[in-house]
Amino acid sequence: MTVGIEMGTTTTGAPAILDLEELLATRLLVQGNSGSGKSHLLRRLAEQSAPYVQQVVVDPEGDFVTLAEQFGHVVVDAAAHAEAALQQVAARVRQHRVSVVLNLENLETERQMRHASAFLGGLFDVERDYWFPMLVVVDEAQLFAPAAAGEVSDEARKASLGAMTNLMCRGRKRGLAGIIATQRLAKLAKNVAAEASNFLMGRTFLDIDMARAADLLGMERRQAEMFRDLARGHFVALGPALSRRPLPIRIGEASTNGRAGNARLLPLPATAPADARDLIMTASEHEPARAPVSRPMATADILAQLAATRPPPPPGEVLAGELAALPRPAPPARPSHEQVLAEVLADPEAMFRSVAQIYQDFLVRCRQHGVNGRALDLAQFRRKLATVRAGIDAETADTPEWEQALTLSAAMPEDLQAVFLMLARAAHDRAACPSNAQIARARGSRSPRRALGLLEHMEGRGLISIRTDAFGRRVIAIPALAWETEPGDADAADDEVA
Ligand SMILES: Nc1ncnc2c1ncn2[C@@H]1O[C@H](COP(=O)(O)OP(=O)(O)OP(=O)(O)O)[C@@H](O)[C@H]1O
Ligand SMILES: [Mg+2]
């Protein structure tokens with residue numbers, strides 16, 4: 001059976017046909033600079049071939065998840081599964097012949113490599129009974145098969161490169177047809193690129209990529225100069241599944257949309273600067289109320305709770321109203337640094353201010369209360385603030401263990417600190433592991449998927465280690481402190497938000 005799908009049109013307006021059966025045997029490499037239209041091309045290919053052949057799309061940017069709506073691909077969120085689980089999912093994908101998009105967008109590079117290689121490994125290692133033909137589309141293939149060692153660990157690079165080499169070199173027998181796209185041919189491992197016999201070359205600027213393209217296609221370097229002038233969506237096709245001679249084609253429309261926006265300049269609205277300030281500083285009449293769920297931490301609430309559980313004040317510290325009843329007037333009570341800080345943080349605007357600004361507010365308030373705020377310098381203040389934001393009670397805050405947690409967190413990028421301290425606190429208290437929703441909130445986000453990405457990232461840096469217990473609940477350990485949380489449900493809702 002010969003099935004030809006229409007990729008677009010040639011310069012004469014004739015349909016540009018890709019022979020699917022030939023493609024299964026001979027694989028395809030797409031290259032072109034950013035914006036040349038590679039992802040669009042892959043989308044067109046996936047859409048046109050969806051009725052005829054099973055497909056897997058390895059999607060580092062989450063561009064292809066929209067294929068699910070119209071073509072029924074199952075989207076697998078790689079960040080939500082461990083490597084071993086992904087490998088099993090891949091085996092089932094082959095058994096049940098389901099088309100899938102492996103969405104890797106919520107992982108940092110090293111994890112993308114590990115998870116993609118586990119999944120590809122699962123596709124590759126399945127028993128002979130399930131060697132049905134399928135297209136395996138890998139966008140941004142240079143991420144998974146880099147030509148040179150980068151910042152990722154050697155182990156991750158080897159695993160990923162091995163999986164890509166298997167796909168392109170040994171996949172055919174197992175029914176796997178690799179279709180890979182890259183921005184930079186020079187950044188893609190040579191052995192992986194060399195296994196494709198079909199090429200679609202898009203706009204290419206750099207000499208080094210041009211030279212690699214000419215070598216692969218068996219062209220004179222001079223001839224390859226034509227890739228420089230290609231417009232977006234225009235490619236030169238060559239190979240047994242496409243054309244025996246280099247054939248310029250224009251890729252046709254796709255019926256689903258990518259998520260990459262097409263950057264266009266739009267004229268700015270003619271708003272006078274005076275108005276502009278009012279516009280952003282005042283709420284308009286119909287503005288929807290925004291729930292205060294994305295704030296970093298419900299600090300004021302935590303502090304209020306802490307205050308509520310505080311022991312009764314010593315006789316000297318009594319409320320103003322009761323003073324009159326006392327035989328001798330006592331000096332007015334001076335609030336502690338923690339109490340002043342609680343006042344500062346009670347202002348909902350406080351969460352949008354930098355630490356330095358909060359420190360300034362704190363000093364002003366201290367002055368009003370006659371308290372020496374300068375007794376805390378900015379560094380000490382930063383630590384106190386981090387502690388309060390992580391919901392640590394005053395007693396724990398003074399322990400040497402907690403000091404150690406603070407010292408560790410101080411060495412981390414600021415965006416990880418709140419989450420790290422939250423986890424450290426749960427581990428210190430032997431409390432249940434916080435859910436993704438709770439972690440997302442500590443980070444100032446509503447997306448549990450972001451939380452997962454962040455955890456993966458922290459695990460990648462060795463700050464935490466994650467495991468699942470026999471009941472599927474998550475446990476997070478902090479190796480440097482030898483603390484570990486109790487098991488918790490990662491998908492539980494966040495009470496604060498509900
Ligand atoms: N043949 C085409 N017809 C219509 N629009 C196209 C075509 N090719 C690309 N586009 C549009 O051009 C933009 C960039 O294309 P695309 O995202 O496919 O580029 P890319 O080569 O994958 O870039 P990157 O390497 O940065 O991911 C997109 O908005 C896409 O919809
Ligand atoms: Mg792209």
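As the structure is a prediction and not an experimental result, all values here were calculated from the model.
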Give the table of side-chain donor-acceptor pairs shorter than 3.5 Å for residues 68-87, with sequence neighbours excluded, one pair per line with atom names and distance.
unit_1 : atom_1 : unit_2 : atom_2 : d
Q70    : NE2    : S255   : OG     : 3.2
H73    : NE2    : Q55    : OE1    : 2.7
D77    : OD1    : A79    : N      : 3.2

Problem - Steps toward side chain to side chain contact (heavy atoms under 4.5 Å, CB included) verdict (L421, W402) - result: CA-CA 9 Å; L421 287 176; W402 191 251; 3.7 Å; yes
Practice task
Assess whether side chain to side chain contact (heavy atoms under 4.5 Å, CB included) is satisfied between M219 and M201, documenting all intermediate values.
Solution key: CA-CA 12 Å; M219 281 177 155; M201 295 292 166; over 6 Å; no
Below 3.5 Å, can you tabulate the donor-acceptor pairs from side chains in residues 138-151 to any protein atom, sequence neighbours excluded?
unit_1 : atom_1 : unit_2 : atom_2 : d
D139   : OD2    : S39    : OG     : 2.7
E140   : OE1    : Q142   : NE2    : 3.0
Q142   : OE1    : T182   : OG1    : 2.7

Problem - A116 versus L102, closest heavy-atom pair with distance - result: CA-CD2, 4.2 Å
Problem - Note: R212-D215 ion pair, threshold 4.0 Å (strictly below) - result: no
Handout entry: Side-chain touch R94/L176, heavy atoms, less than 4.5 angstrom
Key = yes
Problem - Exercise: identify the closest heavy-atom pair between A493 and S435 - result: O-OG, 4.3 Å
Problem - E401 CD to L481 CG distance, which is reported to the nearest 0.5 Å - result: 9.0 Å
Practice task
For the residue pair H428 and W483, categorise the inter-ring angle as parallel (less than 30°), tilted (30 to 60°) or perpendicular (more than 60°).
Solution key: perpendicular
Practice task
Applying side-chain hydrogen bond (donor to acceptor under 3.5 Å, both in side chains), name anything that partners S36, two or more places apart in sequence or on another chain.
Solution key: none
Problem - Non-hydrogen side-chain atoms of L217 and F227 separated by less than 4.5 Å - result: yes
Handout entry: Non-hydrogen side-chain atoms of Q48 and L20 separated by less than 4.5 Å
Key = no
Exercise for the section: Identify which one of L28, V30, L200, I251 satisfies the side-chain contact (heavy atoms from CB on, under 4.5 Å) criterion when paired with L45. Expected result: L28
Exercise for the section: Measure the spacing between CG of L23 and CG of N198 and express it to the nearest 0.5 Å. Expected result: 6.0 Å
Completion exercise
Here the pair of heavy atoms bringing L135 nearest to S49 is CD1-OG, 3.5 Å
Practice task
Look up atom CE in M113 and atom NZ in K158, then write down how far apart they are to the nearest 0.5 Å.
Solution key: 12.0 Å
Practice task
List the steps and the verdict of side chain to side chain contact (heavy atoms under 4.5 Å, CB included) for H234 and R250.
Solution key: CA-CA 5 Å; H234 290 245; R250 179 165 190 271; 3.5 Å; yes
Exercise for the section: Check whether more than 12 heavy atoms from other residues, nucleotides or ligands sit under 6.0 Å from atom CZ of R430, and answer yes or no. Expected result: yes
Practice task
Say whether T485 and R474, considering side chains only, have a donor N or O and an acceptor N or O under 3.5 Å apart.
Solution key: no
Practice task
Would you sort out whether F119 and V89 count as a side chain to side chain contact (heavy atoms under 4.5 Å, CB included), showing the intermediate values?
Solution key: CA-CA 8 Å; F119 193 85; V89 172; 4.1 Å; yes
Handout entry: Sub-4.5 Å side-chain heavy-atom contact between D63 and V57
Key = no
Problem - Side-chain donor/acceptor of Q183 to backbone N/O of S34, under 3.5 Å - result: no
Exercise for the section: Decide, yes or no, whether a salt bridge links E155 with R114 under the criterion of side-chain N to carboxylate O below 4.0 Å. Expected result: yes
Completion exercise
Closest non-hydrogen contact found for N103 with G62 is OD1-CA, 3.3 Å
Practice task
Kindly confirm or rule out a cation-pi arrangement of R170 over F124, judged by NZ or CZ under 6.0 Å from the six-membered ring centre and within 45° of its axis?
Solution key: no
Practice task
Say whether, by atom type as modelled, one donor and one acceptor occur between the side chain of Q112 and the main chain of P60 under 3.5 angstrom.
Solution key: yes
Practice task
For the pair E459 (side chain) and I464 (backbone), establish whether a donor and an acceptor sit closer than 3.5 Å, ignoring hydrogens and angles.
Solution key: no
Exercise for the section: Rounded to the nearest 0.5 Å, what's the gap from CG on L24 to CE on M134? Could you check? Expected result: 11.0 Å
Problem - Salt bridge present between R172 and E195 (N-O < 4.0 angstrom) - result: no
Handout entry: Any donor-acceptor pair under 3.5 Å from R27 side chain to S197 backbone
Key = no
Problem - Short side-chain to backbone donor-acceptor contact, D59 and F64, under 3.5 Å - result: yes
Handout entry: Any donor-acceptor pair under 3.5 Å from W131 side chain to V126 backbone
Key = yes
Practice task
Could you tell me which non-hydrogen atom of P240 sits nearest to which non-hydrogen atom of T26, and how far apart they are?
Solution key: CG-CG2, 3.8 Å
Exercise for the section: Would you indicate whether the side-chain heavy atoms of Q31 and L216 approach each other to under 4.5 Å? Expected result: no
Problem - Nearest-0.5 Å distance that lies between atom CZ in F420 and atom CE in M412 - result: 3.5 Å
Exercise for the section: For residues R232 and H40, determine if any side-chain heavy atom of one lies less than 4.5 Å from a side-chain heavy atom of the other. Expected result: no
Problem - N/O donor-acceptor pair under 3.5 Å between T204 side chain and G202 backbone - result: yes
Problem - M164 versus I180, closest heavy-atom pair with distance - result: CE-CG2, 4.0 Å
Handout entry: Student check: side-chain heavy atoms of I208 and R184 closer than 4.5 Å
Key = yes
Problem - P487 side chain near V475 side chain, heavy-atom distance below 4.5 Å - result: yes
Exercise for the section: Hey, could you give me the OG1/CZ distance between T109 and R157, rounded to the nearest 0.5 Å? Expected result: 14.0 Å
